[in-house]
Amino acid sequence: MRRLPRAALLPLQLVLFVAAGTPGAPVSAPRSLVWGPGLRAGVVLPVRYFYLQAVSPEGHNLTRSPPGQTLFKVVIKSLSPKEIVRIHVPKPLDRNDGTFLMRYRMYETVNEGLKIEVLYGNEHVAQSPYILKGPVYHEYCECPEDDAQAWQRTLSCPTEEPQIAKDFASFPSINLQQMLNEIPKRFGEERGAVVHYTILSNHVYRRPLGKYTDFKMFSDEILLSLARKVLLPDVEFYVNLGDWPLEHRKVNETPGPLPIISWCGSLDSRDIILPTYDITHSTLEALRGVTNDLLSIQGHTGPSWINKTEKAFFRGRDSREERLQLVQLSRENPQLLDAGITGYFFFQEKEKELGKAKLIGFFDFFKYKYQVNVDGTVAAYRYPYLMLGDSLVLKQDSPYYEHFYMALKPWKHYVPIKRNLSDLLEKVEWAKEHDEEAKKIAKEGQLTARDLLQPHRLYCYYYRVLEKYAERQTSKPEIRDGMELVSQPEDSSSVCRCHGRRPLREEL
Ligand SMILES: *[C@@H]1O[C@H](CO)[C@@H](O)[C@H](O)[C@H]1NC(C)=O
Ligand SMILES: *[C@@H]1O[C@H](CO)[C@@H](O)[C@H](O)[C@H]1NC(C)=O
Ligand SMILES: *[C@@H]1O[C@H](CO)[C@@H](O)[C@H](O)[C@H]1NC(C)=O
């Protein structure tokens with residue numbers, strides 16, 4: 001082979017050096033940080049996810065996305081060439097603050113393990129490649145961990161959930177017989193939306209107690225999903241699928257309140273709450289049917305703060321009178337507020353006067369700097385998504401709450417507005433005049449919401465509610481007359497075997 005003259009080698013080396021080290025590039029692949037539950041085999045979720053913080057060659061966290069198309073990408077393969085596995089890996093979600101969300105959905109289980117490569121161009125990022133030693137189960141694999149404490153540790157579940165502690169304070173003990181006698185009579189009438197569940201040996205049984213129980217598909221799907229992941233305690237409970245919390249008896253009354261489980265709580269009721277069906281269902285169906293979920297929203301928060309329109313924004317249905325007032329206020333003060341009703345049902349007579357606004361995609365809400373959160377029939381279930389955006393949330397005072405509200409404080413994470421909206425315009429003006437403070441509250445709210453509303457924490461929350469409830473039962477749960485088994489979905493396309501775990505029942 002002909003030897004190259006030295007002089008010709010030199011520029012070639014330089015070119016190689018430049019390509020490998022990318023000096024002048026805004027990002028250092030090795031110094032960047034990667035972490036999160038999606039890098040642990042044992043954290044089984046419908047969509048697994050982890051985070052990336054871009055870091056500069058000088059070691060500073062980037063606080064904005066590097067310019068241009070992102071060079072970050074994720075490649076996931078089965079560790080063993082013999083195992084073919086279908087995995088959906090969408091593009092990283094750019095959160096526009098120097099961090100990225102990486103997601104993947106497995107359609108099959110791998111026994112050997114997974115290799116996750118996180119790349120910046122062609123360079124490995126942080127400790128990439130990440131090896132997840134198998135088995136790595138997919139969502140529909142029924143391999144419950146029988147040590148629930150170990151499962152919670154694997155998920156890094158918080159040790160305390162203040163809302164759960166508060167909800168159960170009214171119920172030091174739970175009398176299943178009393179509930180069986182009273183609940184069908186009190187809440188099972190024609191208009192009832194209550195479903196009676198028993199979980200026994202990790203099998204889910206239920207009977208509807210009213211006519212309006214179609215939403216049981218949402219409670220079914222999360223209970224089955226949980227039961228595939230962890231051995232649930234034997235437990236018998238009642239889920240209210242309607243909008244309003246039900247139990248208005250006071251703790252010191254006789255007879256006392258019953259621990260009904262609902263999606264939404266209120267200051268004048270005693271219901272035990274769970275994450276709403278909305279965020280639960282979108283967590284289960286993320287990267288499949290739904291486009292708007294707790295993760296996807298984080299990559300669609302519109303222009304940067306300085307480029308957002310300096311107005312408060314609202315679109316929604318006519319489910320509460322204050323929403324109509326918003327439209328009126330918006331007409332009188334178009335420079336401060338852009339509000340519209342997109343569908344009439346409760347106040348149809350108002351449509352002529354107030355008009356109907358065009359539907360706009362939720363991601364486009366974040367073109368505006370301030371978001372108005374006004375209750376619907378109960379708490380507005382858009383609130384978690386608004387908090388995950390990077391706009392300032394103006395939240396109507398409300399007796400209604402969801403499972404995570406307790407951790408969010410007025411003036412720290414959002415700006416409160418009076419229930420009758422009398423101070424809304426004033427608050428918008430305040431925000432416009434105090435841009436730095438407004439931006440800081442928006443950021444603080446977003447960071448806290450990102451932490452609280454991680455999909456794996458929903459699983460922690462559900463489990464903890466069932467666990468607390470089970471501890472308080474004074475008798476054994478039973479499969480009652482009229483209950484039927486809710487079976488796990490057929491998953492014939494992808495076999496999975498549970499490794500090193502006892503089968504739940506001795507198969508005969
Ligand atoms: C850099 O980002 C990581 C992850 O977001 C964070 O834990 C760390 O504290 C940040 N470092 C500095 C100096 O802000
Ligand atoms: C704001 O928008 C302008 C014009 O589109 C763009 O050049 C600029 O980079 C944006 N600023 C930020 C911080 O995104
Ligand atoms: C709005 O509610 C406040 C109490 O929060 C009350 O003081 C005020 O008078 C009400 N304003 C209107 C216009 O009803």
Side-chain angles (χ1 to χ4, degrees), residues 26-39 49-70 72 92-102 118 120 125-128 130 156 267 295 298-311 320-330 332-333 337 363-364 366-369 372 374-375 388-392 394-400 410-411 415-428 435-436 438-440 442-444 446-454:
V27 172
S28 157
R31 298 193 81 157
S32 293
L33 306 169
V34 173
W35 73 99
L39 299 173
Y49 58 93
F50 56 93
Y51 306 99
L52 187 153
Q53 166 75 59
V55 176
S56 75
E58 296 76 34
H60 302 301
N61 285 352
L62 269 67
T63 53
R64 282 181 56 185
S65 336
Q69 279 245 324
T70 182
F72 288 112
L93 282 174
D94 184 344
R95 303 201 287 184
N96 209 16
D97 62 356
T99 69
F100 294 80
L101 234 176
M102 319 302 215
V118 186
Y120 182 71
V125 177
Q127 274 78 55
S128 171
Y130 295 86
S156 310
L267 297 177
L295 298 179
Q298 299 187 36
H300 296 93
T301 56
S304 299
W305 181 261
I306 59 158
N307 280 341
K308 291 187 192 293
T309 305
E310 279 207 332
K311 285 186 194 184
R320 179 167 297 271
E321 198 158 5
E322 287 94 28
R323 292 186 168 193
L324 307 178
Q325 283 175 35
L326 275 178
V327 180
Q328 198 60 46
L329 283 172
S330 158
E332 294 157 8
N333 304 274
L337 175 63
F363 297 159
D364 287 333
F366 298 114
K367 288 179 177 158
Y368 294 80
K369 225 177 214 184
V372 187
V374 169
D375 284 350
L388 288 167
D390 58 359
S391 300
L392 177 69
L394 305 168
K395 183 183 176 299
Q396 182 193 28
D397 286 339
S398 169
Y400 297 109
W411 295 109
V415 168
I417 51 179
K418 292 211 168 98
R419 187 131 186 95
N420 61 16
L421 310 182
S422 60
D423 60 348
L424 171 63
L425 299 173
E426 206 179 288
K427 295 285 168 64
V428 179
D435 193 60
E436 272 310 307
K439 184 180 175 183
K440 187 161 170 278
K443 190 71 201 167
E444 190 83 19
Q446 182 192 44
L447 291 177
T448 305
R450 280 180 183 174
D451 183 45
L452 293 170
L453 294 167
Q454 297 178 84

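Any value given below was found using the heavy atoms of this structure, including those in side chains, with hydrogens, waters and symmetry copies removed. As the structure lists them, so they are numbered: ligands from 1, and atoms in each ligand from 1. Numbering of residues begins at 1 and proceeds along the displayed sequence.
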Any non-hydrogen protein atom below 4.0 Å of [atom]?
atom                    : answer
atom 1 (C) of ligand 2  : yes
atom 14 (O) of ligand 3 : yes
atom 7 (O) of ligand 2  : no

Would you call the rings of F363 and H300 parallel, tilted or perpendicular if under 30° counts as parallel and over 60° as perpendicular?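 Because their plane-to-plane angle is under 30°, the rings of F363 and H300 count as parallel.
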
Counting heavy atoms only, which of N61, T63, L62 is nearest atom 12 (C) of ligand 1?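 Result: the heavy atom closest to atom 12 (C) of ligand 1 is in N61.
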
Among protein heavy atoms, which lies nearest [atom], and at what distance?
atom                    : answer
atom 4 (C) of ligand 1  : W35 CH2, 3.6 Å
atom 5 (O) of ligand 3  : K418 CD, 3.3 Å
atom 9 (O) of ligand 2  : R64 NH2, 4.3 Å
atom 3 (C) of ligand 3  : N420 ND2, 3.6 Å
atom 11 (N) of ligand 2 : N307 ND2, 2.9 Å

Inspect the surroundings of [atom1] in [X] and state if more than 12 heavy atoms from other residues, nucleotides or ligands are less than 6.0 Å away.
X    : atom1 : result
Q328 : CD    : yes
E332 : CD    : yes
R419 : CZ    : yes

Counting C-beta onward and ignoring hydrogens, is there a side-chain heavy-atom pair between V428 and L337 closer than 4.5 Å?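 No - every pair of side-chain heavy atoms lies 4.5 Å or more apart.
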
Contact partition for T99 relative to ligand 1, non-hydrogen atoms under 4.0 Å: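 Contact part for T99 vs ligand 1: neither.
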
The single option from K443, K308, R95 passing side chain to side chain contact (heavy atoms under 4.5 Å, CB included) against D390: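 So, applying the side chain to side chain contact (heavy atoms under 4.5 Å, CB included) to D390 and each of K443, K308, R95, only K308 qualifies.
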
Any side-chain donor near an acceptor of the partner, Q298 and Y49, under 3.5 Å: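 The answer is no; no qualifying pair exists.
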
Would Q396 and S398 count as having a side-chain donor-acceptor pair, cut-off 3.5 Å?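 No, no side-chain donor-acceptor pair sits under 3.5 Å.
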
Does an N or O anywhere in Q53 fall below 3.5 Å from an N or O of ligand 1?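 N/O-N/O distance under 3.5 Å: yes.
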
What are the atoms of ligand 1, with element, lying closer than 4.0 Å to any heavy atom of L33?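 So the answer, numbered in order with elements, is 3 (C).
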
